[in-house]
2 protein chains.
Amino acid sequence: MSPAPAGRRRGPSKGDLREKAILDTARDLLSRKPLADITIDELAAGAEISRSSFYFYFDSKLAVVVALLHGLSGEVSRDAGPWLDGTGPDAEALRRSLAALATLWRDQGRLLAGALAAAPGCPPIARWRAALREAHVERLAARITRDRAAGHAPDGPAAHVLAAMIDDLRSAAFAAATDPEALVDDLVTVELRMMYGNFRVHHPDE
Amino acid sequence: MSPAPAGRRRGPSKGDLREKAILDTARDLLSRKPLADITIDELAAGAEISRSSFYFYFDSKLAVVVALLHGLSGEVSRDAGPWLDGTGPDAEALRRSLAALATLWRDQGRLLAGALAAAPGCPPIARWRAALREAHVERLAARITRDRAAGHAPDGPAAHVLAAMIDDLRSAAFAAATDPEALVDDLVTVELRMMYGNFRVHHPDE
DNA sequence: GAAAAAGTCGACACCGCGTCGACTCCGCAC
DNA sequence: GTGCGGAGTCGACGCGGTGTCGACTTTTTC
């Protein structure tokens, strides 16, 4: 059943504070333990309401996460524009784009990691992730195609496959990292190699 | 009748069969739905015992998965030897190694994906994954170091960081793929680029 | 053939989720 | 001020899944 945005009715009110308190509590708890270990009781307690009152504000624990995620959508792709819209191996633009992403992962790592882990079993989260990924892959694939046509980049895997791999690599690397920001330079090197790194196979005997 | 078949000291006891039946059922169910949707009831039913009898054999659903995983440990790294122990960009060895991995993912994708998803919240699974990853990263890092020393590969990220990225990329790519085997050739290209793909930044004006 | 070990099961307590209906609180209209 | 309605709150309930316990039956062993 497509969950209608039920729960909260219309009108400005004081309960808005409670809603915010739940969100804040969730953010806070997520910085300390994985999503699966967080119970609705805790979320409710953090907002100083009873467990059943929680349902007045959100349909479920996952709905809270989705709300949190939604607030992040913009930031995830902010600062990626110059790199994605440019051409050729512009290491600096890529570095700036990745540095912004790394900051986000530093601050919201648990939320992001929890969302990624929960995605396979939660359609709304999966949709959020898919939309973001889709958007990134598409722009990056377009860039790859452009670069190949202009002779900046060698042929290789289909552009969207390569773009998807790069997106996967980012998520996996950041999710596994304890210090995302330390990864930026290496990621720059590796991504540029994936896109532009041609090389000749050396047969020792020829 | 005579319980111990003549000649054979100990046949497979009734319990051994049950244990195997549980494992088989788990494998079977996992090929049809994600781990989180599988209940102990189903596992027990598949082995034709009651739910509480299940606990005679395994401590929990995750323990079954761990057992299944254990049986897979060998296969995951089988066929990777020639590539990992070789030197230089030997595309064919890499391709064979990845093809074997792809077959495994095709057959056991749900199990592997479920394990990866459950790992953050389940120490035994996390340990299994970490051990496998560790082993692969270590051998691959050694290969990278060797190749760099011999001048086959350019410098770049620390060998173990690069190796970890390659491992991450594989997991992410296979986990996301609907057809792992179609990914092999692209993965070969991309991994070789990550390791050997040097390139010069083209400044159009120089 | 009796004791021990292996295996089986129903009943139970527990936990977390989501629902329901009754209640309180508060602003507003008259 | 009365009183009405919606926002907000909560206790109690039912559900489904987990894990444990103790009593029971079957198989093995000596």
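First the proteins, then the strands, lettered A, B, ... as listed; each starts at 1.
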- Note on the structure: The residue among A/Leu43, A/Asp41, A/Thr39 that forms side chain to side chain contact (heavy atoms under 4.5 Å, CB included) with A/Arg51 is A/Asp41

Nucleotide [N], atom [atom2] - distance to [atom1] of [X] in whole Å:
X	N	atom1	atom2	value
A/Asp37	C/dC15	CG	P	16 Å
B/Phe58	C/dG7	CZ	P	12 Å
B/Asp59	D/dG19	CG	P	9 Å
A/Arg18	C/dC25	CZ	C1'	12 Å
B/Phe56	D/dT25	CZ	C1'	13 Å
B/Leu62	D/dG19	CG	C1'	14 Å
A/Leu17	D/dG8	CG	C1'	13 Å

Check whether any side-chain heavy atom of [X] lies under 4.5 Å from a side-chain heavy atom of [Y], and answer yes or no.
X	Y	result
B/Arg170	B/Glu191	yes
B/Leu183	B/Leu98	no
B/Arg18	B/Phe56	no

- Message: With the threshold set at under 4.0 Å for non-hydrogen atoms, list the residues of residues 24-36 of chain A touching DNA chain C in residue-number order.
- Response: none

- Query: In chain order, what residues pass the side chain to side chain contact (heavy atoms under 4.5 Å, CB included) check against A/Thr103, with sequence neighbours excluded?
  - Reply: A/Arg106, A/Asp107, A/Glu181

- By side chain to side chain contact (heavy atoms under 4.5 Å, CB included), A/Ala163 pairs with (sequence neighbours left out) A/Val137, A/Leu140, A/Ala141, A/Ile144

Could you write out each protein N or O paired with an N or O of nucleotides 10-17 of chain D at a distance under 3.5 Å?
from	atom 1	to	atom 2	distance (Å)
D/dC10	OP2	A/Ser50	N	2.8
D/dC10	OP2	A/Ser53	OG	3.4
D/dG11	N7	A/Ser52	OG	3.2
D/dG11	O6	A/Ser52	OG	3.0

- Any side-chain N or O of B/Tyr57 less than 4.0 Å from the OP1 or OP2 oxygen of C/dT8? yes

- Item | Pair B/Lys20 + B/Asp24, salt bridge at N-O below 4.0 Å | yes

- Message: For B/Glu92, I'd like to know if atom CD has over 12 heavy atoms of other residues, nucleotides or ligands within 6.0 Å.
- Response: yes

- Message: Heavy-atom count check: over 12 atoms from other residues, nucleotides or ligands less than 6.0 Å from A/Lys33 NZ?
- Response: yes

- So which nucleotide from D/dT18, C/dT8, D/dG8 ends up closest to the side chain of B/Tyr55? D/dT18

Restricting both atoms to N or O, compile the protein contacts to nucleotides 21-23 of chain C shorter than 3.5 Å, with distance only.
none

- Is it true that a side-chain atom of B/Thr25 and a backbone atom of B/Ala21 form a donor plus acceptor pair closer than 3.5 Å? yes

Could you give the side-chain donor-acceptor pairs of residues 64-87 of chain B under 3.5 Å, partners two or more places apart or in another chain?
from	atom 1	to	atom 2	distance (Å)
B/Ser73	OG	B/Trp128	NE1	2.8
B/Asp85	OD1	B/Arg139	NH2	3.2
B/Asp85	OD2	B/Arg139	NH2	3.2

